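A quick note: this is a predicted structure, and the numbers were derived from the prediction, not measured.
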Amino acid sequence: MTDWTRVYAYEKHTYIESFPVTSFLLAGVSNYKETVKDIQVGDVLDMEFETNKYDNSAIVIKNLGDTCGYVKKDEKEKVQSHVPCQVKVIDKRLVDFGKGIYSLRVDLSGEEK
């Protein structure tokens with residue numbers, strides 16, 4: 001597995017980190033704060049297809065049946081051949097301290113359902 005380096009800037013907070021090429025950030029995490037707040041690095045989540053009013057081929061990430069976020073549209077092609085499967089949380093960051101909003105990065109674990 002190859003590592004890559006990316007720079008992410010969230011308001012005043014910038015960090016540089018190496019992540020596996022099979023990892024990706026989740027979209028919509030701020031809409032699921034209550035579910036995401038208890039997730040820890042190392043947790044295993046479920047990834048599956050979902051049809052919703054915004055995207056008829058959405059890929060959702062869930063923790064014990066509760067939605068945590070979605071695969072971004074520009075990442076869908078990279079991961080859709082693995083769905084359904086489980087992903088592992090490899091990074092969690094608080095990006096808005098006042099509102100308790102997190103950034104969540106997961107990696108394909110290769111464990112198909």
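Comment: K72 does not engage E75 in a salt bridge, judged by the lack of any side-chain N to carboxylate O separation of less than 4.0 angstrom.
Checked against side chain to side chain donor-acceptor pair (under 3.5 Å), E50 has the following partners two or more places apart in sequence or in another chain: N52, Y70. In this view, E34 and K37 satisfy the side chain to side chain donor-acceptor pair (under 3.5 Å) rule, not counting sequence neighbours. K99 meets the side-chain contact (heavy atoms from CB on, under 4.5 Å) test with D96, I101; sequence neighbours excluded.
Inter-residue side-chain proximity for D91 and F19 is flagged as met; some heavy-atom pair is nearer than 4.5 Å. Looking at heavy atoms from C-beta onward, D107 lies out of side-chain contact with R105 at the 4.5 angstrom threshold. Counting heavy atoms from C-beta outward, L25 and S103 have side chains that approach closer than 4.5 Å. Side-chain atoms of V106 and S23, non-hydrogen and from C-beta on, never get closer than 4.5 Å to each other.
Here the closest heavy-atom approach between residue L108 and residue C85 is recorded as CD2-SG, 4.1 Å. Nearest heavy-atom pair across V36 and Y102 is CG1-CB, 3.9 Å. Closest heavy-atom contact between I39 and T35: CG1-O, 3.6 Å.
In this structure, CD in Q86 is found 8.5 Å from CG in L45, a value given to the nearest 0.5 Å. Taken from CG in N31 to SG in C68, the straight-line distance is 12.0 Å, to the nearest 0.5 Å.
A donor-acceptor pair is defined here as one N or O able to donate and one able to accept, closer than 3.5 Å; no such pair exists between the side chain of K78 and the backbone of F24. Side-chain atoms of T51 come within 3.5 Å of backbone N or O of N56 as a donor-acceptor pair.
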Which atom pairs, one a donor and one an acceptor, fall under 3.5 Å between side chains of residues 57-65 and the rest of the protein, sequence neighbours left out?
unit_1	atom_1	unit_2	atom_2	d
S57	OG	D55	OD1	3.3
S57	OG	K76	NZ	3.0

